[in-house]
Amino acid sequence: MADRRKKAAKQKAVTVTSAPAPKKKRGKEKKPTLSAGTAVTPSELEKPSAKPVKQKQPARQNETPLGAHAAEQSPERNKNAGQVPLLPQEKEKPTLDEQPQTMREPPAVSPASDKTAGETPPAKTSYPPRRINVLFVCTGNTCRSAMAQYIFADFVERKGMSEYFDVRGAGLSALNGDDMSEQAKQVLFEKGIREINHFARRLTREMVEASDLVVCMTEGHFRTIGAFENVTTVARITGGADVSDPWGGSLDDYRKVAAYLEYACGDVYDAALKAVRAQTGGTA
């Protein structure tokens, strides 16, 4: 009986001594505060918190404040006060000196640099030394010579040389004051020549002598006028045939004559310049 009591007392003593320590209450620990006159040792400040601190997630790109970007920029970019900092995804384009050699565009080459050395530039357009008088001659001065007068005048005007030319027409058997034929007018209208104020004139010796170049429509007109150095024909200038008379023919006949006269304008122009330069002692 005594032994049982001793064992019971011993077990009771063990359970008392081995009682667990009181559990700490869960919750946030109060951090030490600094109050006036209270000294805190560094060990207390550096003591890690029992609960790990969660790291803050980085802000999204579109929610990043401008101040954060300003801090990330170099001091050179923030020299000017009030300058809006660049966004992180924006990069300044490198200057020409900073670009790689392969990215640079080749320098523009002017056409003049491609010319071979020693090549002579084209000669400037020479202008007549004075005004040139050109006279076209046919029979009645109502068809061929009349169309030639207006077609050639339009030609030199389009070349910008109208101020250097006086272009007229005459007929060996013309009646002074006669109007141009209606077919001839219609063909000129088709070519865009609208300003027509024509009056036929009979050819005189004074007209021939006052002209620098007299252009006859046929070889027969040339022989009728006689021997003058300044008289020639369309066929002699162009190397073609005489200009046939469309009088009494169809509108197509007038169109063919007008086309031939238009074709001869370039040769007549060169012949007129050559005649004037020969008279003034210049080169052709």
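Bear in mind that the values here come from a model prediction, so they are computed numbers and not experimental data.
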Atom CD of residue position Glu209 - does it have more than 12 heavy atoms of other residues, nucleotides or ligands inside 6.0 Å? yes
Ile237 and Val208: same hydrophobic cluster, using ILVMFWY side-chain contacts below 4.5 Å? no
If you count the non-hydrogen atoms of other residues, nucleotides and ligands that lie under 6.0 Å from NZ in Lys191, is the total more than 12? yes
Is a side-chain donor or acceptor of Ser211 paired with a backbone partner of Val214 at a separation under 3.5 angstrom? no
Over all atoms of both residues, closest heavy-atom pair of Ala210 and Asn133: O-ND2, 3.3 Å
Shared hydrophobic cluster, Met161 / Val268 (ILVMFWY, side-chain heavy atoms < 4.5 Å): yes
Compare every heavy atom of Ser244 with every heavy atom of Arg144, then report the nearest pair and how far apart it is. CD-O, 3.3 Å
How close do Gln183 and Gly249 get, counting heavy atoms only, and between which atoms? NE2-O, 4.5 Å
Flag side-chain contact, heavy atom, 4.5 Å: Arg236 against Phe222: yes
OG of Ser181 to CH2 of Trp247: how many Å apart, nearest 0.5 Å? 6.5 Å
Report yes if the side chains of Glu262 and Asp154 come closer than 4.5 Å at any heavy-atom pair, otherwise no. no
Does a side-chain heavy-atom distance below 4.5 Å link Leu251 with Glu190? yes
Enter the distance from Glu219:CD to Thr232:OG1 here, rounded to the nearest 0.5 Å. 8.5 Å
Output the distance between atom CG (Leu261) and atom NZ (Lys256), rounded to the nearest 0.5 Å. 14.5 Å
Do Val137 and Ser145 have side-chain heavy atoms sitting under 4.5 Å apart? no
Can you find a pair of side-chain heavy atoms, one from Val134 and one from Asp166, that are under 4.5 Å apart? no
May I ask you to test the Tyr150-Ile196 pair for a side-chain heavy-atom distance under 4.5 Å? yes
Are Phe155 and Val187 connected, step by step, through hydrophobic side chains (Ile, Leu, Val, Met, Phe, Trp, Tyr) whose heavy atoms are closer than 4.5 Å? yes
Counting only heavy atoms not in Phe228 (residues, nucleotides, ligands), do more than 12 fall under 6.0 Å from its CZ? yes
Given 3.5 Å as the limit, does a donor-acceptor pair link the side chain of Asp267 with the main chain of Ala264, or not? no
Show your working on side chain to side chain contact (heavy atoms under 4.5 Å, CB included) between Val243 and Thr218 and close with a plain yes or no. CA-CA 6 Å; Val243 181; Thr218 64; 5.6 Å; no
Minimum heavy-atom separation for Ser162 to Arg131, with atom names? O-NH2, 4.1 Å
Going by distance alone, is a donor N or O of one side chain under 3.5 Å from an acceptor N or O of the other, for His221 and Thr139? yes
Go through the steps to decide whether Phe136 and Met217 satisfy the test side chain to side chain contact (heavy atoms under 4.5 Å, CB included), and finish with yes or no. CA-CA 8 Å; Phe136 292 95; Met217 297 295 108; 3.9 Å; yes
Is there a path of hydrophobic side-chain contacts, each under 4.5 Å between heavy atoms of I, L, V, M, F, W or Y residues, that connects Ile151 with Val215? yes
Ala174 and Arg201: which non-hydrogen atoms are nearest, and at how many Å? CB-O, 3.3 Å
Non-hydrogen side-chain atoms of Val257 and Cys143 separated by less than 4.5 Å: no
Compare all side-chain heavy atoms of Asn141 with those of Asp178 and state whether any distance is below 4.5 angstrom. no
Would you give the length of the straight line joining atom CG of Leu188 to atom NE2 of His198, rounded to the nearest 0.5 angstrom? 10.0 Å
Counting only heavy atoms not in Arg255, do more than 12 sit closer than 6.0 Å to its CZ atom? yes
After noting the C-alpha distance and the side-chain angles of Tyr254 and Met147, does the key distance pass the side chain to side chain contact (heavy atoms under 4.5 Å, CB included) rule? CA-CA 9 Å; Tyr254 282 85; Met147 287 191 294; 4.0 Å; yes
Tell me whether Gln149 contacts the main-chain N or O of Gly169 through its side chain, where contact means a donor paired with an acceptor under 3.5 Å. yes
Euclidean distance, Asn176 CG relative to Arg202 CZ, rounded to 0.5 Å: 7.0 Å
Given the rule that I, L, V, M, F, W and Y join up when any side-chain heavy atoms are under 4.5 Å apart, are Tyr263 and Leu213 in one cluster? yes
If you round to the nearest 0.5 Å, how far is CZ of Phe189 from CZ of Arg194? 6.5 Å
May I ask you to decide if the ring planes of Phe152 and Phe165 are parallel, tilted or perpendicular, using 30° and 60° as cut-offs? perpendicular
Does the side chain of Gln279 come under 3.5 Å of the side chain of Arg130 through a donor N or O and an acceptor N or O? yes
Give the intermediate values and the outcome of side chain to side chain contact (heavy atoms under 4.5 Å, CB included) for residues Tyr164 and Val156. CA-CA 9 Å; Tyr164 295 99; Val156 295; over 6 Å; no
Might you confirm whether atom CZ of Arg158 has over 12 heavy atoms from other residues, nucleotides or ligands at distances under 6.0 Å? yes
